[in-house]
Every structure is written in structure tokens, then in C-alpha cells.
Number of protein chains: 2
Amino acid sequence: MPTGAAQTKPSPHVQRKRRKRRAEILHAALRAFRTKGYHATTLDDIADDLGVRKTALYHYFPDKETILYECHREALGEIKRLMKEAQKLDTAEERLAHVIQEHVRVMTDTLEGSPLAFEVPALSGRRQAQVIAARDRYEGELRQIIDDGIKSKEFRPVDSKLAAFAILGAINWIARWYQPEGPLQGSELGAEFADYLVGGLSNARACDEIPDEMESSS
Amino acid sequence: MPTGAAQTKPSPHVQRKRRKRRAEILHAALRAFRTKGYHATTLDDIADDLGVRKTALYHYFPDKETILYECHREALGEIKRLMKEAQKLDTAEERLAHVIQEHVRVMTDTLEGSPLAFEVPALSGRRQAQVIAARDRYEGELRQIIDDGIKSKEFRPVDSKLAAFAILGAINWIARWYQPEGPLQGSELGAEFADYLVGGLSNARACDEIPDEMESSS
DNA sequence: TCAAATTTCTACCCGTCGTTCAGTTTGTCG
DNA sequence: CGACAAACTGAACGACGGGTAGAAATTTGA
């Protein structure tokens with residue numbers, strides 16, 4: 001029993017409509033953030049995209065920052081899902097390729113070329129901490145995949161932390177140059193990125209295995 | 001004969017002092033931009049860092065945007081220089097490694113972990129176009145290095161445009177996590193990045209050359 | 001078709017921040 | 001020391017943009 005009031009519950013059909021509207025707002029915001037950045041985006045910018053006055057937005061979100069935060073929540077959900085998928089795969093190389101490919105595809109195809117990684121500092125206090133924690137978790141898992149690959153000799157022995165940062169940087173930066181109307185499909189882009197960024201770690205190439213006699217010191 | 005006036009020229013010593021102060025302001029701004037972003041940074045933020053009131057800044061720069069623009073000019077100068085250096089090297093692999101290594105080093109060691117690539121959209125009109133043109137030139141040269149390497153068989157045949165974007169993304173993203181006080185030196189970081197990002201392209205590994213019989217069709 | 005609920009609009013408030021300006025302090029040079 | 005320029009200050013302005021209140025319009029459901 002929350003704030004106990006006799007509110008006639010919102011009805012099932014109207015709820016779906018409201019949800020849809022919320023999503024539309026979030027995506028309009030995402031588009032605006034991508035081109036101008038969060039701080040340079042006004043509520044009017046977002047509202048104009050929907051053919052509405054800015055005050056209408058306040059029926060769905062209490063303030064501007066919450067809009068950004070909800071965008072983050074949606075994105076983090078996708079990220080979490082894709083990482084879970086990846087964990088089912090057998091080799092580190094497959095896992096890493098899947099993460100890169102899907103991360104790129106989600107950004108481009110379902111998140112308006114998500115510029116969210118750019119806007120974490122715009123969140124304040126508790127929310128920023130939450131998003132950073134989730135991001136750190138993701139980075140840690142990505143790093144783990146790389147370390148696993150190194151241990152299994154699939155990858156060269158690089159600094160997994162830096163490699164993870166490099167990979168995420170390359171991916172996040174896509175928001176800066178990707179054009180949804182352009183000829184490049186998100187999945188192709190993802191495949192190319194996975195190829196380049198994984199190839200950079202893969203030790204086994206066209207040539208056969210390299211014997212590992214150097215690290216047996218005794 | 002410009003706007004002919006009998007201005008007593010500024011004296012040589014006072015000029016150097018002024019230049020130094022300008023540089024200090026630019027670097028304070030750079031630090032602020034890195035942590036908060038351009039739009040979220042107030043002139044008070046920059047001024048406070050220098051122990052001064054914001055109005056003092058107006059004796060050196062006519063407005064906030066010009067401060068950002070001058071930061072960009074300084075950075076682009078460094079970038080141009082480093083690319084020129086790279087062009088003297090013999091192999092594409094050496095050139096690419098040098099560009100990456102130096103780009104990273106300049107960002108971390110001399111530009112306060114430069115967040116400038118994030119702030120291009122904050123410039124308006126003519127200036128933005130100028131910076132973008134310079135950036136595009138740089139990207140083109142980087143891409144050329146990659147294409148050269150592919151042609152000479154040093155690199156795998158990847159999409160050079162995407163590879164260049166990936167590399168620049170990885171580098172630019174450094175601004176987001178690099179901590180000047182941290183243990184990691186800029187040059188080490190540069191070396192690691194060059195290793196990973198070039199290794200991703202290098203076709204020749206520990207194993208000897210791969211005979212190229214597949215593309216001689218006739 | 002009508003009432004209740006939901007969504008959106010018009011009009012306004014108010015804090016922040018870039019910017020201006022007139023004046024004071026600090027520094028330089030003869 | 002004295003004259004002048006450079007560096008800086010403090011007060012105030014004005015615009016922009018986030019946020020609020022209440023009225024109007026639209027949709028929902030009988």
C-alpha cells in the first residue's frame with residue numbers, strides 16, 4: 001500500500017499509449033543529444049521534434065535530467081542483455097566479437113546512434129553513480145573476456161584494461177560520425193568493427209599455431 | 001598600413017607575459033572542459049582555477065567560444081606537426097604507430113588530456129567549419145597511411161575509413177578516463193595503444209611471411 | 001452524446017551565466 | 001618618484017532556458 005489513494009487505475013490500453021509516448025520522447029531526446037549534446041539541447045528542441053510544446057514533456061518526466069537518465073536506463077538494459085548473450089558462447093574470440101558487433105548494432109539501430117556515453121557527467125549524484133557502476137561492471141566483463149582470451153592463447157598478451165578502453169572508445173565514438181540515413185547498415189558496421197578490433201588481439205592468424213616454449217622457465 | 005594609429009607598441013617583455021597568461025587560461029579551460037564539458041563549464045569555473053574573477057578573462061579573449069576555439073588551434077597545430085613527422089618514416093606501420101603514439105602523448109602530456117574532440121559542435125559557423133576541415137584533413141592522412149599499408153601488404157585489407165574512425169575514437173576517448181595524476185605516463189599509454197591498434201592491422205606476425213599466391217589470378 | 005480523465009497549450013516566473021562598463025589596483029619604464 | 005599602460009575587480013544587465021500554474025483541448029469509456 002503506497003500513497004494510499006482511491007485512484008481509478010489507468011486502464012490497460014491507455015497505459016500502453018503512455019508508454020509509447022514516453023519512448024517517443026526518449027528517442028527524440030536521443031536524436032537531439034547526438035547532434036548537439038545534452039547541455040546544448042533545450043526542451044524546446046526535443047518538443048519541436050515531436051510537434052509539441054515543451055510543457056507537454058512534463059506530463060511524462062519530472063525534469064530534463066530524468067529524460068537523460070531514462071535514456072541511460074534503456075541503453076544499459078540493452079547492454080546487459082547483449083553481454084549475457086555473449087557469455088553463452090564458447091571461445092573468448094566469439095564472445096568478444098559478439099559483444100562488439102551487438103553493441104554497435106544496438107547503438108545504431110535501436111538507440112538513434114546513442115550518444116549516451118558522452119553524457120554521463122551530465123547526471124548528478126546518485127544517478128551518475130548508478131550509471132557509472134553499471135558501466136564499470138560492463139567494462140569489467142569485457143576485460144574478463146580479453147583476459148580469458150589471453151589465458152587461452154587466443155589473444156596476444158596485451159593490457160586488457162587499456163584494450164577494453166580502446167574498444168569502448170572506438171565504439172562510443174561512432175555516435176560522432178554515424179548518420180542513420182547513410183548507406184552503412186548498423187550490422188555491417190558492427191561486423192567490420194568486430195573484425196578490426198578482435199583481429200588486433202587474435203594471436204592465431206593464417207599461419208599455424210606458435211609453439212609456446214618461451215614461458216616454461218624451469 | 002592597417003587601422004593607422006600611433007599605438008606605442010606593447011614592449012617585448014610584456015608581450016611574453018601576456019602570451020603566458022593566455023596559455024594559462026587556455027589550459028585552465030582545457031582542464032575544466034575535460035571534467036565538465038564546454039557547455040557545463042562556466043567562466044567562473046575557469047577563473048576560479050586561476051584565482052581570478054571571470055571578467056579578467058575578457059582582457060585576453062573576447063568571449064567564451066573564442067577560448068574554446070583557441071584551444072582547438074593549439075591542438076590542431078600539434079596534430080599537424082606530429083603528422084608531418086610521421087610522413088618522414090619509411091613503412092606504413094612505423095608511420096601509423098608514430099601517429100598514434102604521439103597523438104596520445106600530446107593529448108595527455110601537453111593538452112591536459114584534451115577533450116577538444118568532444119567539443120567541436122560547440123563552435124559555431126565559420127570556426128566549426130575550419131576545425132572540421134582540419135580534422136578531416138588529418139583523418140584523410142591517417143586513412144592514407146592505412147591504405148598504403150594495405151597496398152604494401154603490411155596490413156590486412158580492412159576498410160580504412162572505419163579503421164581510422166576506430167583508431168581516432170579509441171584515442172579521443174582517452175579524455176574520458178585518463179587521470180593526469182594517475183600512475184600511467186602518457187608515453188607508455190601511447191605505446192600500448194599503438195601496439196594494440198597497429199597490431200590489429202599487421203598481417204605479418206611472429207610467423208614468417210605468407211606467400212601471396214591467391215591474388216595472382218591469371 | 002456526455003462526463004471524467006488525460007494530454008497539451010498559453011502565460012509567466014526565476015535562476016544562471018555570458019557579457020558590458022566604469023573604476024581600482026598592480027606593474028613597468030623613464 | 002611619477003606617469004602611463006596593463007591587469008583585474010565589482011556591480012549590473014539581459015537573454016536564454018528550465019520549470020510552474022491553470023486553462024483549454026482532446027481522448028476515453030459508458
Side-chain angles (χ1 to χ4, degrees), chain A residues 5-26 28-29 32-33 35-71 119 121-125 127, chain B residues 5-26 28-29 32-33 35-71 119 121-125 127:
Chain A
Q7 290 190 126
T8 53
K9 50 186 169 183
S11 130
H13 169 249
V14 91
Q15 250 181 348
R16 247 184 309 137
K17 198 169 177 185
R18 184 179 176 84
R19 240 194 264 267
K20 185 182 172 188
R21 196 65 172 144
R22 274 178 62 103
E24 283 173 0
I25 294 173
L26 254 30
F33 295 161
T35 50
K36 317 177 75 168
Y38 173 78
H39 289 293
T41 297
T42 71
L43 291 177
D44 281 322
D45 289 333
I46 300 172
D48 285 356
D49 189 7
L50 298 165
V52 124
R53 303 276 162 253
K54 67 175 174 184
T55 46
L57 306 179
Y58 283 90
H59 278 265
Y60 299 91
F61 302 96
D63 51 36
K64 188 187 177 190
E65 194 196 301
T66 302
I67 294 178
L68 177 61
Y69 176 64
E70 292 298 324
C71 287
E119 306 298 356
L123 294 168
S124 48
R127 287 170 166 177
Chain B
Q7 288 194 129
T8 53
K9 49 187 170 183
S11 130
H13 169 249
V14 90
Q15 250 181 348
R16 248 183 308 137
K17 200 169 176 184
R18 184 179 175 82
R19 240 194 265 268
K20 185 181 172 188
R21 195 61 171 150
R22 274 179 62 103
E24 283 173 0
I25 294 173
L26 254 32
F33 294 161
T35 50
K36 316 177 78 169
Y38 173 78
H39 288 292
T41 297
T42 71
L43 291 177
D44 280 322
D45 289 332
I46 300 172
D48 285 356
D49 189 8
L50 299 164
V52 122
R53 302 282 162 244
K54 64 177 171 183
T55 47
L57 305 179
Y58 283 89
H59 280 265
Y60 299 92
F61 303 97
D63 51 37
K64 188 187 177 189
E65 194 198 301
T66 302
I67 293 177
L68 176 61
Y69 177 64
E70 291 298 325
C71 288
E119 305 298 357
L123 294 168
S124 48
R127 286 169 166 178

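Within every chain, numbering begins at 1; the chains are lettered A, B, ... in the order of the sequence lines, protein sequences first and strands thereafter. Because only heavy atoms are used, hydrogens play no part in the values below, and waters and symmetry mates are left out as well, while side chains stay in.
Taking side-chain N and O atoms only, B/Arg18 has a distance below 4.0 Å to OP1 or OP2 of D/dA7. The phosphate of D/dC8 (OP1 or OP2) has a side-chain N or O of B/Arg21 nearer than 4.0 angstrom.
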Worksheet item: Can B/Arg21 and B/Val52 be said to form a side chain to side chain contact (heavy atoms under 4.5 Å, CB included), step by step?
Response: CA-CA 12 Å; B/Arg21 195 61 171 150; B/Val52 122; 3.8 Å; yes
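If you measure from atom CG of A/Leu50 to atom P of C/dT7, you get 14 Å, rounded to the nearest angstrom. Between the P atom of D/dG18 and the CZ atom of A/Arg53 lies a distance of 15 Å, rounded to the nearest Å. Rounded to an integer number of Å, the gap from B/Arg19 CZ to D/dA7 P is 13 Å. D/dG17 atom P lies 12 Å from atom CG of A/Asp48, rounded to whole Å. Taking atom CD1 of A/Ile46 as the reference point, atom P of D/dG17 lies 13 Å away to the nearest angstrom.
Here A/Tyr60 lies in heavy-atom contact (under 4.0 Å) with sugar-phosphate atoms only.
The backbone N or O of A/Thr41 sits less than 3.5 Å from a side-chain atom of A/Lys64, completing a donor-acceptor pair.
With sequence neighbours left out, the side-chain contact (heavy atoms from CB on, under 4.5 Å) criterion links B/Glu65 to B/Tyr38, B/Asp63, B/Leu123, B/Ser124, B/Arg127.
Here the CD atom belonging to B/Glu24 is positioned 6.5 Å from the CG atom belonging to B/Leu50, to the nearest 0.5 angstrom. Taken from CG in A/Leu57 to CD1 in A/Ile46, the straight-line distance is 6.5 Å, to the nearest 0.5 Å.
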Worksheet item: Which nucleotides of nucleotides 15-28 of chain C have their base under 4.0 Å from a protein heavy atom (B), which only their sugar-phosphate (S), and which neither (-), written as one string 5' to 3'?
Response: --SBBB------SS
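Residue pairs meeting the side chain to side chain donor-acceptor pair (under 3.5 Å) criterion with at least one partner in residues 48-60 of chain B, sequence neighbours excluded, are B/Arg31-B/Asp49.
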